[in-house]
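Report on the following structure.
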Number of protein chains: 2
Amino acid sequence: MEITKASIQAAHERIKPYIHKTPVLTNNSINEMTGIDFYFKCENFQKIGAFKIRGGMNACLKLNPEQLSKGVATHSSGNHAQAMAFAGKTLGTKAFIVMPKTSPQVKVNAVKGYGAEVIMCEPNQQAREETLNKIVAATGATFVHPYDNDDVIEGQATCVKELIEDVPDLDIVITPVGGGGLLSGTCLGAYYFKPGLQVYAGEPEGAADAVLSFKSGKVEKAPYINTIADGLMTTLSDRTLAIIKEHVTDIILVTEEEIKAALKLIYERMKIVVEPSCVVPFAAAFKNPKLFKGKKVGIILSGGNVDLTKFGEWFGA
Amino acid sequence: MEITKASIQAAHERIKPYIHKTPVLTNNSINEMTGIDFYFKCENFQKIGAFKIRGGMNACLKLNPEQLSKGVATHSSGNHAQAMAFAGKTLGTKAFIVMPKTSPQVKVNAVKGYGAEVIMCEPNQQAREETLNKIVAATGATFVHPYDNDDVIEGQATCVKELIEDVPDLDIVITPVGGGGLLSGTCLGAYYFKPGLQVYAGEPEGAADAVLSFKSGKVEKAPYINTIADGLMTTLSDRTLAIIKEHVTDIILVTEEEIKAALKLIYERMKIVVEPSCVVPFAAAFKNPKLFKGKKVGIILSGGNVDLTKFGEWFGA
């Protein structure tokens, strides 16, 4: 399939009954501190607490009745798991969610709370895929990949579409990048709904695959994985990299200290709960005030599903 | 002075240019869990991060130019200190803030950040008052008490006025109670702008003075002080008790465990940062679902100024 302006518009209409139009917040003290006009698109207030509902719901709503009757399946330790579980419950079909044993309990509970069937596996990519394949073979459920899927990318593109509707004179938008679903969707949304809108991404130094892939032009692995931004540990796919290469201006790396400082600032000044993954783009802008000075910069705050017992680690005790 | 419908209306117009009209949030999952229709008035998003700006700003704006030129003064370890510091900065006069040595550094920094002069004292009531009296004698600054002051109470009354404007068919409103400024202001606002609106308060068992005073009819001290709700450790005054006795339906006690559970629920489900003090009314409703079932219940979320290093203690590590 091809993702077009019309197909993103259609996806938006398709998912609108099931999602929130999330608010765009601004903060005077952060703007004064940086000289940047920030517009925070608060997907932490989204259904299931993250933007992932957009792509997951769009993919499920495009299934035909026979496909839908057999259920949906995915592997995810994070918000895509919740999105698929929510979609399954909402559309009255079974959702099979393969999760690594190491998943935070709060996320496992949330998925089960939506009535999904959780299948635990060893915490590695091979185990995830093998377990998923067995489920799909046994049930005939449709696999919806967290990001390597055009329907998912099309759904994620609706987020920047809403942001542009609320802030028509936006200069720049920055998203986090993990597997690249949100980033590639944002690229296409920006391209179709506000040509000229620059797209940047923020990535943790401790999961720096996208920046390498962006430079070399082929999918690379991160040199090492060590970050509190647990939603950004995944690797780009050929599909997401192709879109990112064409549309992204730059990918900016941030350190763990910069992520924690950004997290602290958002909690203290904005009084909202966000995930470490989702402050990475803000941290990227915050460390580059000259690059963004005087610009209207949209930040997609991608989610707010936190394990509260991690607060001590993030903020000190 | 007498606080009247007209005087509260005038106070609201007076402070409007300096405050935010804070949003009223709802949350489906919390409503489903309890069978109560909650309306959360989010004063955590207010200027200075708390409702206290309403009363502090109202009191300062009512000073004449000669009074104002000599500065304003108060003793407070909490949000009233920030409110007075902000008012001083905004109105171009000096604010003298007496704070106990034990004040959280984040609150001292915030007060200094507004350009106020902070005077440290021993952490007891006598030291606070003596230090304050010296400052007032030396400077001629006007003392604005955190709650035992009609202009402050009048300003706090504007919060429930806004809530009623947004949710005209509200049945009940619940506030926290410390010194009783917010509670007595809420009583008067409810009485004048929606007669019949029931007013409840929530109070920690570990600072249970108001519930005793409410029963005996005279100002009582708490049997002991031990609570994470650090904004509610103060004692009613004759002034606030008189209003509370006349208008409040009941004051409900909550335990520390109930406060922590309520705090966790608000962070996890609503994705907003609030102070322990401000979830006390929600905890009071949450433990009494039968009393409030099917009712439209307004909760004044009074503030969001937290010391992030306390998260480990509140949420576990």
* Could you go through the side chain to side chain contact (heavy atoms under 4.5 Å, CB included) check for B:Val273 and A:Ile272 one step at a time? => CA-CA 5 Å; B:Val273 171; A:Ile272 61 175; 5.7 Å; no
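Side-chain contact between A:Trp314 and B:Leu308 is absent, with no heavy atoms from C-beta onward closer than 4.5 Å.
Counted within 6.0 Å of NZ on A:Lys21, heavy atoms from surrounding residues, nucleotides or ligands total more than 12; the atom is thus considered enclosed. Heavy-atom contacts from other residues, nucleotides or ligands closer than 6.0 Å to NZ of A:Lys287 number more than 12. Dense packing is recorded around CZ of A:Arg14, with more than 12 heavy atoms of other residues, nucleotides or ligands lying under 6.0 Å away. Heavy-atom neighbours of B:Asn28 CG from other residues, nucleotides or ligands within 6.0 Å: at or below the threshold of 12.
Expressed to the nearest 0.5 Å, how far CZ of A:Phe315 lies from NZ of B:Lys310 amounts to 15.5 Å. Interatomic distance, A:Tyr267 OH to B:Tyr267 OH, rounded to the nearest 0.5 Å: 8.5 Å.
Listed by chain and number, the residues in a salt bridge (Lys or Arg N to Asp or Glu O under 4.0 Å) with A:Glu256 amount to none (sequence neighbours excluded).
Heavy-atom distances place both the backbone and the side chain of A:Asn305 under 4.5 Å from chain B.
Minimum interatomic distance between B:Lys271 and A:Asn44 (heavy atoms only, all atoms of both residues): CG-O, 3.3 Å.
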